[in-house]
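First up is the structure itself, then whatever we jot down about it.
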Protein chains: 2
Amino acid sequence: MNDLTGKRKPGAERKTSRTASQPAKNDRAEDIRLGILADYIGFHLRMAQDASFRAFAHHAGMRDLKPGRFAAMTVISNNPGVTQAELGRAIARDKSSVTPLIQELEGRGLVERQRSPVDRRSIALSLTAAGEETLARLTAHAVEHDRKLDEIVGDQKAEFINLLKKVADALA
Amino acid sequence: MNDLTGKRKPGAERKTSRTASQPAKNDRAEDIRLGILADYIGFHLRMAQDASFRAFAHHAGMRDLKPGRFAAMTVISNNPGVTQAELGRAIARDKSSVTPLIQELEGRGLVERQRSPVDRRSIALSLTAAGEETLARLTAHAVEHDRKLDEIVGDQKAEFINLLKKVADALA
DNA sequence: TATTGTTATACTCTATAACTATA
DNA sequence: TATAGTTATAGAGTATAACAATA
């Protein structure tokens, strides 16, 4: 089912004829053999995530977006009062990575922080009105972006997401 | 089909009871709502890729592995004489990112570079004997790692990879 | 003019470790 | 002892731009 053997002939010179258009667009093919990589889930996972990330960033003009911010804000919006530690676990990031992220959002007036009266070590997060507005705008962008992905996967979306979740959970 | 509305009650204090075990393990759940994220292909793509990457790196002991090196070496092995530009396109990386990667591999005696007699701008890449040996060893690790993924996706592997490829290609 | 490869540079993301304040 | 959050720091990965050589 997999081509692990066939190697390209060394002597065969191939002139590159594809236009570069953009930095590292998915311009592969040329006739490059991926070998065992072709059957590698991990490899394709990386290629797909990479393409998705670039498209997302590009689509939003790279202005205020950034997938990480969007995810964090969505979680906060849906879980007002969530702590930084909880947020970190939800998006699989260390707490030391969450700190600067929240600081940026707070600095931009999108997130509010409030010491929990119950456990004074932790900080309850919530979006400001401006934060909710911004999130709504970002969501509109994101929805449009994901629509492309939806078209691509079609009616297999639920199945696709389910597989992705299983991978993430199983390897956790 | 998706819960875009339900927000957690702000007042509800939740004590964190999960062990941290490791940095950012997939310890989510707690009862955090992902909102629109739950239906987002891009988000799950990132979570799955992230988990896969960590597991891969961890499994190989982080010694000499690194997914990027493995992918590059596999491509070179399967395409002796491939140029750096072609390699970059195959793995979706800019040529300026390929240079240091190849330099490292060459420095470790795993890759050989040879000016193409046909097009003297480009450099033909190939693995040394030591490179092939190393690749074989890495492949053994990688195969074992991907086996876990195989178990997870089961008989839907072909379909899964196909979807990932479509995503990568369509967004290129 | 366009492409290959190199270099210099800078940016983003992330983690580790050490620290404090709480629990 | 363990957890929440901060800070300092470092590493990995990547891209942009400019350049020389070649096409």
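Naming: A, B, ... by sequence-line order, numbering from 1 per chain. Since the model is a prediction, treat every value here as computed from it, not as a measurement.
Counting only heavy atoms from C-beta on, B:Asp119 has its side chain closest to D:dT22 among D:dT22, D:dA18, D:dA4. Listed nucleotides D:dA15, C:dG5, D:dA4 differ in distance to A:Ser122; the shortest reach to its side chain belongs to D:dA4.
Taking side-chain N and O atoms only, A:Arg46 has a distance below 4.0 Å to OP1 or OP2 of D:dT14. Residue A:Arg120 has a polar side-chain atom (N or O) positioned under 4.0 Å from OP1 or OP2 of C:dT22. A sub-4.0 Å separation between OP1 or OP2 of C:dT4 and a side-chain N or O of B:Arg115 is absent. A:Thr99 has a side-chain polar atom (N or O) that falls below the 4.0 Å cut-off from OP1 or OP2 of D:dT6. For B:Arg93 and D:dT16, the shortest distance from a side-chain N or O to OP1 or OP2 is not below 4.0 Å. Distances shorter than 4.0 Å separate none of the side-chain N or O atoms of A:Gln103 from OP1 or OP2 on D:dG5. For B:Gln84 and C:dT6, the shortest distance from a side-chain N or O to OP1 or OP2 is below 4.0 Å. Between A:Arg113 and D:dA4 there is no side-chain polar atom (N or O) within less than 4.0 angstrom of OP1 or OP2. Taking side-chain N and O atoms only, B:Arg121 has no distance below 4.0 Å to OP1 or OP2 of D:dC19.
With sequence neighbours excluded, no residue forms a salt bridge (charged side-chain N to carboxylate O under 4.0 Å, His left out) with A:Arg115. Judged as a salt bridge (charged side-chain N to carboxylate O under 4.0 Å, His left out), and not counting sequence neighbours, B:Arg120 has no contacts.
In the interface, the side chain of A:Ser96 is paired with the base of C:dT16 through a donor and an acceptor atom under 3.5 Å apart.
No donor-acceptor distance shorter than 3.5 angstrom exists from the side chain of B:Glu159 to the backbone of B:Gln156, with no hydrogens or angles considered.
Along DNA chain D, the nucleotide nearest to B:Ser97 and the one nearest to A:Ala124 differ in position, and the one closer to the 5' end is contacted by A:Ala124.
Between A:His145 and A:Phe56, the ring planes are perpendicular. Angles over 60° get that label, and only those under 30° would be called parallel.
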For A:Phe160 and B:Val167, run side-chain contact (heavy atoms from CB on, under 4.5 Å): C-alpha distance rounded to whole Å, both residues' side-chain angles, the deciding distance at 0.1 Å, then the answer.
CA-CA 11 Å; A:Phe160 189 42; B:Val167 168; 4.2 Å; yes
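Rounded to an integer number of Å, the gap from CZ of A:Phe53 to P of D:dT14 is 12 Å.
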